[in-house]
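Inspection log for the structure reproduced underneath, given as structure tokens.
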Amino acid sequence: TPSLQNLFFVLLLIFSSKDSMSAEEWNARFDPETNDVTMLFITTKEVNKKNRKRLKKLGNNIVLIEAKNTGSANKISSSYFRNLESSTFLAIDAIIALTSILCTSLGLSNSTTGVVKEIIYDEGVQAPALPKCVWVDFGDDYKGESFFPGNPDRKGWVPVYPVTFSVYHKSEKSGDTKESTRTMLPFRLAWSWTIWKAQGQTIKGKVVLHLSDWEKEHGLTYVAFSRATKLCIVGIMGGLSEARLCSMVKKHKKMKPRMREQVRLRVHHEETLQKLKEKRQQGQDNMDVDDCSSSSSSNNSSTDMDVDE
């Protein structure tokens, strides 16, 4: 009911919004300078600014790492290379998150977070070239055997090597199919994400949302909130209006196409169920016919045996 809806929204703002609590309470619950708080923004510019600020605050040497691109890879979005970035800044003690599945059975899945411990280069190689590997401490998330069996403090340390992904596309000039590749470390800085990059991820720990004043993309607020495992660990900066969630979203330009697609899917669902029922009934009818044929054959065989005797 509307009354319950309004009550839930008011409680949400009281419990989660920075505007509804004192600075002391906000910092105690959602201090953005701690490693157990992940911040989600609308724009890449905001994310890069926040991540670089946290990187500088570490006080360690910062290195630029550039991907190795072939073909037209430097002009192609990272999303086509399974989120391998074209470049990144890195430092010891930086918080990173995997962007590819390394080994699910060992706990090294997409979005698994860890802490950078060592950056290893081959002899004669230096930044901004790719390092040979980066030692990352994934803590208790790593389920495999230790690379340092004699050192329990390094139980979660895992070497992460550069990986290569390919994209095939048609050449604008010749029309021929071309291959472009990108080789890069399969992780990104993880203090902050864009909401789009976080889509599909489950973020452990607290999450602070910067949602802006309007719904830039249909369903953006839902995606942001659903990254957290519990509502009580979500903080909201910049406010959040009830109208945005309950009325303005209906006016979004993508709502009508979304509703048409839901109708199409519902019709498709019902048609599929009907076809399955018809196939099931047809299969049952065939079984009944086979049973009758089998019974008739058995009777004929018995008659033949009687005659022989």
Side-chain angles (χ1 to χ4, degrees), residues 1-9 11-12 40 77 79-83 98-112 143 165-170 177 193-204 207 209 211 215-232 234 242-306:
T1 62
S3 58
L4 289 177
Q5 175 180 291
N6 295 342
L7 176 61
F8 173 79
F9 187 80
L11 291 175
L12 172 65
L40 298 184
S77 169
S79 60
Y80 290 96
F81 294 104
R82 303 188 190 182
N83 294 318
L98 295 177
T99 55
S100 297
I101 296 175
L102 300 187
C103 185
T104 304
S105 61
L106 298 182
L108 304 178
S109 302
N110 190 15
S111 80
T112 302
K143 308 302 181 184
F165 293 123
S166 299
V167 171
Y168 296 90
H169 53 93
K170 287 187 177 294
T177 299
W193 302 60
T194 63
I195 297 174
W196 284 272
K197 289 286 187 181
Q199 190 168 3
Q201 314 291 339
T202 298
I203 298 176
K204 298 178 181 179
V207 181
L209 309 180
L211 298 171
E215 196 79 349
K216 188 173 181 180
E217 183 64 56
H218 180 59
L220 196 67
T221 301
Y222 167 78
V223 171
F225 271 95
S226 58
R227 297 314 92 205
T229 56
K230 294 182 292 186
L231 188 59
C232 63
V234 177
E242 181 180 2
R244 172 175 175 169
L245 297 181
C246 303
S247 59
M248 291 176 63
V249 69
K250 298 178 182 179
K251 301 176 182 179
H252 197 280
K253 62 181 180 180
K254 290 189 176 181
M255 178 57 78
K256 289 185 178 180
R258 166 78 177 272
M259 297 303 294
R260 287 197 298 267
E261 178 65 7
Q262 286 186 330
V263 171
R264 187 191 71 81
L265 291 174
R266 189 178 298 114
V267 172
H268 181 63
H269 166 74
E270 293 172 353
E271 291 176 346
T272 302
L273 285 180
Q274 184 60 35
K275 290 179 180 178
L276 289 174
K277 290 179 181 178
E278 292 173 356
K279 286 185 177 180
R280 188 179 296 115
Q281 184 60 47
Q282 183 179 1
Q284 185 63 47
D285 292 342
N286 291 337
M287 288 177 63
D288 293 341
V289 171
D290 292 341
D291 290 341
C292 291
S293 300
S294 177
S295 176
S296 176
S297 298
S298 297
N299 291 335
N300 291 337
S301 299
S302 298
T303 302
D304 292 341
M305 290 175 65
D306 294 339

For residues 102-110, tabulate all N or O donor-acceptor pairs below 3.5 Å that involve a side-chain atom, not counting sequence neighbours.
none

Could you list the donor-acceptor pairs under 3.5 angstrom formed by side chains in residues 268-277, with sequence neighbours left out?
unit_1, atom_1, unit_2, atom_2, d
Thr272, OG1, His268, O, 2.7
Gln274, NE2, Glu278, OE2, 3.4

If the condition is side-chain hydrogen bond (donor to acceptor under 3.5 Å, both in side chains), which residues does [X] pass it with, not counting sequence neighbours?
| X | result |
| --- | --- |
| Ser111 | Gln201 |
| Ser79 | Ser77 |
| Ser166 | Glu179 |

> What residues form a salt bridge (Lys or Arg N to Asp or Glu O under 4.0 Å) with Arg264, not counting sequence neighbours?
Replying inline: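 Applying salt bridge (Lys or Arg N to Asp or Glu O under 4.0 Å) to Arg264 gives Glu261.
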>> Distance check, rounded to the nearest 0.5 Å: Arg266 atom CZ versus Gln262 atom CD?
In response: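 The CZ atom of Arg266 sits 6.5 Å away from the CD atom of Gln262.
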> If you round to the nearest 0.5 Å, how far is CD1 of Ile195 from OH of Tyr222?
Replying inline: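 The distance works out to 13.5 Å.
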>> Applying side chain to side chain contact (heavy atoms under 4.5 Å, CB included), can you list everything that pairs with Lys279, at least two apart in sequence or on another chain?
In response: none
>> I'd like to check the side chain to side chain contact (heavy atoms under 4.5 Å, CB included) partners of Val234; sequence neighbours left out, ordered by chain and number.
In response: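 With neighbours one apart ignored, the set is Leu209, Phe225, Ala228.
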>> Show the nearest heavy-atom pair for residues Arg227 and Gln199, with the distance to one decimal.
In response: NH1-C, 4.2 Å
> What is the minimum heavy-atom distance between Phe165 and Ser100, and which atoms define it?
Replying inline: CE1-OG, 3.7 Å
>> Run the side chain to side chain contact (heavy atoms under 4.5 Å, CB included) test on Leu220 and Leu211 for me, step by step, so that the C-alpha distance in whole Å, both residues' side-chain angles and the decisive distance to 0.1 Å come before the verdict.
In response: CA-CA 8 Å; Leu220 196 67; Leu211 298 171; 5.7 Å; no
> Any chance OH of Tyr80 has more than 12 other-residue heavy atoms, nucleotides or ligands included, within less than 6.0 Å?
Replying inline: no
